[in-house]
Asker: 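Before anything else, here's the structure in question.
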Number of protein chains: 2
Amino acid sequence: MTTMREVADRAGVSIATVSFVLNDTKPVTPATRERIETAMAELGFRRNAMARALASRRSHLLALAYPALEHKLGSTGMEFVTGAAAAAREMEYHLVLWPVSNDATELGELVADGLADGVLLMEVLLDDPRIEVLQRAGLPFSLIGRTADPDALDYVDIDFDQTMTIALDHLQELGHQRIALLQEGPLQRLLQSYGPKRRTRQAFRRMTRHRGLDVVVLDCPPTVGGGRQAVTRLVAEHPDLTAIMVQNEHAAAGVVSGLQSVGVAVPRDMSVLSFLTSPDMAMMSDPELTMLRAPGTALGDLGVRRLIDLVEAKPRPTEPAAPQLIPCELVAGETTAAAPSR
Amino acid sequence: MTTMREVADRAGVSIATVSFVLNDTKPVTPATRERIETAMAELGFRRNAMARALASRRSHLLALAYPALEHKLGSTGMEFVTGAAAAAREMEYHLVLWPVSNDATELGELVADGLADGVLLMEVLLDDPRIEVLQRAGLPFSLIGRTADPDALDYVDIDFDQTMTIALDHLQELGHQRIALLQEGPLQRLLQSYGPKRRTRQAFRRMTRHRGLDVVVLDCPPTVGGGRQAVTRLVAEHPDLTAIMVQNEHAAAGVVSGLQSVGVAVPRDMSVLSFLTSPDMAMMSDPELTMLRAPGTALGDLGVRRLIDLVEAKPRPTEPAAPQLIPCELVAGETTAAAPSR
DNA sequence: CTGAAAGCGCTTACAG
DNA sequence: CTGAAAGCGCTTACAG
């Protein structure tokens with residue numbers, strides 16, 4: 001390992017000057033800069049990350065905190081992680097993974113270790129105890145998703161309203177008037193305070209009312225079997241439905257197969273639209289699911305860039321930056337079509 | 001932030017002594033230990049990670065390097081990552097993500113930064129340029145997967161032989177005699193040197209010959225459409241096949257739907273077995289895929305623990321530890337059944 | 001069993 | 001524009 005000392009000696013300067021060219025933090029004569037740069041190149045010098053971190057009080061490490069228990073991050077979760085890691089890399093930061101329990105003590109300890117310059121929080125709950133811990137620690141952080149009242153926080157999230165608009169536009173253009181929304185449930189302790197479910201439901205209720213559509217809202221377990229059972233009941237009780245939105249990919253697959261097993265053809269007799277879904281999953285279904293693709297990579301990328309902005313902000317900002325909301329993209333599959341005429 | 005200095009002052013000792021109890025590295029009288037521990041508790045002291053790293057020349061950071069380009073890590077890749085992160089956490093290490101290009105220069109630079117104590121390499125190629133870089137750097141590393149000639153290396157991998165034995169046992173118990181293996185292909189530059197494909201194929205060829213089974217081996221694109229097309233040709237050219245093993249989950253789904261669309265019922269007329277697959281994916285297919293479940297979490301966990309062993313080994317070991325191979329687990333779905341009698 | 005001191009490899013006022 | 005020196009918060013021989 002070659003140190004700044006060796007570079008300085010070889011270039012005939014002090015280590016301070018080496019540091020100045022490395023960080024471009026003070027003016028240096030072209031001539032000496034030149035000498036230093038060739039010395040660095042010849043020695044293959046790379047500045048030690050730990051020493052830099054300690055001296056500059058900046059580790060260039062960003063932590064990604066996610067709930068350790070549900071160690072199913074899912075396909076969208078993975079997109080999020082890789083998107084965040086790629087953005088961090090591009091900005092010359094590193095992303096470190098913090099699988100922590102949802103009670104915030106573990107997170108608090110990690111934060112106190114002074115390892116990370118900032119924290120990115122995934123799977124944010126509507127009332128999330130982790131946030132208070134981060135605030136008290138005074139460490140920069142931003143959220144993927146948001147709490148019930150996120151105005152004072154820095155976050156990126158899915159644009160649920162816009163996504164719902166896209167979904168309803170799609171279905172209405174196809175002539176659908178009676179639409180069901182099927183979501184994960186019954187609410188468990190944890191999901192009770194889970195934003196995407198609530199926000200989707202609210203947008204659905206509000207917008208369908210405004211558009212004068214007939215709707216049904218139902219919960220089912222987030223599994224293939226759950227979707228299958230739920231849809232059987234659903235079509236029995238609401239024979240006039242022509243389209244179903246499903247907010248869980250496994251349930252969506254179950255809905256499709258459940259429909260077909262009771263003689264309802266998809267998409268001829270019934271359209272199915274899978275909400276907040278990843279292509280990997282949607283393609284596995286037969287017929288392939290039409291989906292609103294969750295913007296996992298984009299959110300990961302954005303989240304990291306915002307966090308870096310926060311970390312590097314010269315005076316600590318008092319107001320959070322305006323939140324960024326990204327809608328899901330409609331990706332045509334084979335499960336939506338014109339509503340059957342009656 | 002409270003430092004060791006403050007703890008030492010409050011306990012009336014030197015910072016050296018504080019360090020000794022923190023690291024349990026020298027005997028300390030119960031009485032002073034007591035004083036120090038209460039001082040730490042009262043102050044909420046947490047030792048600074050950067051300072052510790054610099055002084056001890058150990059960062060407690062482990063890097064997970066994966067190819068940045070194919071930023072599809074897939075469902076098993078995710079299991080691997082979360083398994084590794086959880087194990088690292090449990091061992092009081094941190095996992096940092098290094099999405100790097102497959103040419104090894106980027107990896108070389110990161111290694112030279114002195115950030116990580118060791119590197120875990122994912123998606124190992126049969127001839128992998130990254131390995132030489134790590135060897136030359138002298139940094140501990142271990143592999144998930146292995147090169148063509150891995151004897152001198154430290155790795156964990158899937159036990160392909162054992163997995164193939166489980167698969168063939170399963171199919172033979174069901175009476176299957178004529179079996180196809182469908183894998184990803186045609187080989188692209190990168191996949192050409194991809195181990196799992198080659199090892200599966202070799203195990204398949206060797207074991208089926210030994211068991212006196214009739215076989216077909218074929219490549220297809222790793223997509224639903226690829227599987228669908230391939231299987232259509234396959235059954236036309238080999239009408240006596242009764243079972244197909246597929247080494248890509250998307251292709252497996254395509255095989256199932258392709259078969260049904262040409263009037264071959266699954267599993268009545270044809271069994272389909274999905275190789276190295278994740279439950280998340282298998283469940284999306286209809287009927288649900290019978291699979292050999294890839295041990296993603298276990299490999300991630302093991303890989304990290306081995307790497308930590310390496311990092312902490314007192315004299316640098318000259319021989320690698322014996323490799324650990326983990327077979328896939330057979331998970332019953334709905335796509336395998338007794339061979340049709342002819 | 002405990003402490004004084006050097007040192008890890010950088011950054012950053014402070015002087016000149 | 002450049003350098004000497006203090007300092008980041010720990011660990012670790014070395015003494016006693």
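Remember, predicted model here, so these are calculated numbers, not experimental data.
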Asker: Identify whether the distance between the nearest side-chain nitrogen and carboxylate oxygen of B:E132 and B:R136 falls below 4.0 Å.
Answerer: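 Judged by the 4.0 Å cut-off on N to carboxylate O distance, B:E132 and B:R136 do form a salt bridge.
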
Asker: Counting just side-chain N and O atoms, does B:R58 come under 4.0 Å of either OP1 or OP2 of C:dC8?
Answerer: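 No, no such contact exists.
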
Asker: Reading DNA chain D from 5' onward, which residue's closest nucleotide shows up sooner: B:T25 or B:L54?
Answerer: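 The residue closer to the strand's 5' end, by nearest nucleotide, is B:L54.
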
Asker: Could you check how far CZ of A:F45 sits from P of C:dC10, rounded to whole Å?
Answerer: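 Result: 4 Å.
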
Asker: Rounded to whole angstroms, how far apart are CE on B:M4 and C1' on D:dT12?
Answerer: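 After rounding, the gap between these two atoms is 11 Å.
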
Asker: Send over the distance from A:D117 CG to D:dC8 P, rounded to a whole Å.
Answerer: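 Nearest whole value for this atom pair: 18 Å.
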
Asker: Looking across every strand, which nucleic acid part, if any, lies under 4.0 Å from B:T32 by heavy atom: base, sugar-phosphate, or nothing?
Answerer: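 Answer is sugar-phosphate: B:T32 comes under 4.0 Å of backbone atoms only.
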
Asker: Using OP1 and OP2 only, check whether a side-chain N or O of B:R47 sits under 4.0 Å from D:dT11.
Answerer: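 True: B:R47 side-chain N/O within range (under 4.0 Å) of D:dT11 OP1/OP2.
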
Asker: Assess whether a salt bridge exists between A:R305 and A:D309, defined as any Lys/Arg side-chain N lying under 4.0 Å from an Asp/Glu carboxylate O.
Answerer: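 Salt bridge: no.
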
Asker: Nearest whole angstrom, please: distance from the P of C:dG3 to the NZ of B:K26.
Answerer: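 From B:K26 NZ to C:dG3 P: 12 Å.
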
Asker: Does C:dT2 have OP1 or OP2 under 4.0 Å away from a side-chain N or O of B:T17?
Answerer: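 Negative; the distance criterion is not met.
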
Asker: In dot-bracket form, 5' to 3', how is DNA chain D paired? Count Watson-Crick and G-U wobble pairs only if both distances fall under 3.5 Å, and write | where the partner sits on another strand.
Answerer: |||.||||||||.|||

Asker: Which of the following nucleotides, D:dG9, C:dG3, D:dA5, is nearest to the side chain of B:N48?
Answerer: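 The answer is D:dG9, which lies nearest to the side chain.
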
Asker: Side chain of A:T3: nearest nucleotide among D:dC8, D:dT2, C:dC10?
Answerer: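 Out of D:dC8, D:dT2, C:dC10, the nucleotide with an atom closest to A:T3's side chain is C:dC10.
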
Asker: Name the residue closer to the 5' end of DNA chain C, choosing between B:V28 and A:R5 according to the nucleotide with the nearest heavy atom.
Answerer: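 It is B:V28 whose nearest nucleotide is closer to the 5' end.
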
Asker: If you compare every side-chain N and O of A:N23 against the phosphate oxygens of C:dT11 (OP1, OP2), does one of them come in below 4.0 Å?
Answerer: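 Yes, such a contact exists.
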
Asker: Would you list the atom pairs, donor with acceptor, under 3.5 Å between side chains in residues 27-37 of chain A and any protein atom, with sequence neighbours excluded?
Answerer:
| residue | atom | partner | partner atom | Å |
| --- | --- | --- | --- | --- |
| A:T32 | OG1 | A:T29 | O | 3.0 |
| A:R35 | NE | A:A11 | O | 2.9 |
| A:R35 | NH2 | A:A11 | O | 3.2 |

Asker: Give the rounded distance in Å between these two atoms: CZ of B:R52 and C1' of D:dT11.
Answerer: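 Rounded to whole Å, this separation is 10 Å.
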
Asker: Reckon A:M50 touches a base, only the sugar-phosphate, or nothing at all at heavy-atom distances under 4.0 Å?
Answerer: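 Since no nucleic acid heavy atom lies under 4.0 Å of A:M50, the category is nothing.
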
Asker: Side chains of A:N23 and A:S19: is there a donor and an acceptor less than 3.5 Å apart?
Answerer: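 A donor-acceptor contact under 3.5 Å links the two side chains.
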
Asker: Can you tell me how far P of D:dC10 sits from CG of B:D9, to the nearest Å?
Answerer: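 That distance rounds to 12 Å.
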
Asker: Between B:D127, B:I131, B:L125, B:L121, which is the residue that forms a side-chain contact (heavy atoms from CB on, under 4.5 Å) with B:T147?
Answerer: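 Among B:D127, B:I131, B:L125, B:L121, the one meeting side-chain contact (heavy atoms from CB on, under 4.5 Å) with B:T147 is B:I131.
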
Asker: Just call it for B:T29: base, sugar-phosphate, or nothing, with non-hydrogen atoms closer than 4.0 Å on any strand.
Answerer: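 It contacts sugar-phosphate atoms only.
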
Asker: Using atom CG of B:D24 as one end and atom P of D:dT12 as the other, report the distance to the nearest whole Å.
Answerer: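 Atom-to-atom, B:D24 to D:dT12, this comes out as 13 Å.
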
Asker: Is it true that A:R5 and A:D9 make a salt bridge, defined as a side-chain N closer than 4.0 Å to a carboxylate O?
Answerer: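 Salt bridge between A:R5 and A:D9, a charged N being under 4.0 Å from a carboxylate O: yes.
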
Asker: Which is true for A:S56 with a 4.0 Å heavy-atom rule: it touches a base, it touches only sugar-phosphate, or it touches nothing?
Answerer: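 Counting heavy atoms under 4.0 Å across all strands, the contact made by A:S56 is with sugar-phosphate only.
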
Asker: Whole-Å distance between D:dC8 P and B:M1 CE?
Answerer: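 Computing the B:M1:CE to D:dC8:P distance gives 11 Å.
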
Asker: Got a salt bridge between A:R58 and A:E312, using NZ or NE/NH1/NH2 to carboxylate O under 4.0 Å?
Answerer: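 Salt bridge flag = no for A:E312 with A:R58.
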
Asker: With a 4.5 Å limit on heavy-atom distance, are the side chains of A:V304 and A:Y93 in contact?
Answerer: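 Sidechains of A:Y93 and A:V304: no contact.
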
Asker: Looking across every strand, which nucleic acid part, if any, lies under 4.0 Å from A:L22 by heavy atom: base, sugar-phosphate, or nothing?
Answerer: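 Contact class for A:L22: none.
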
Asker: Does D:dA4 have OP1 or OP2 under 4.0 Å away from a side-chain N or O of A:S14?
Answerer: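 Checking D:dA4 against A:S14, no side-chain N or O comes under 4.0 Å of OP1 or OP2.
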
Asker: From the list D:dT12, C:dG9, C:dC10, which nucleotide is the closest neighbour of the side chain of B:S19?
Answerer: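 Closest nucleotide among those given: D:dT12.
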
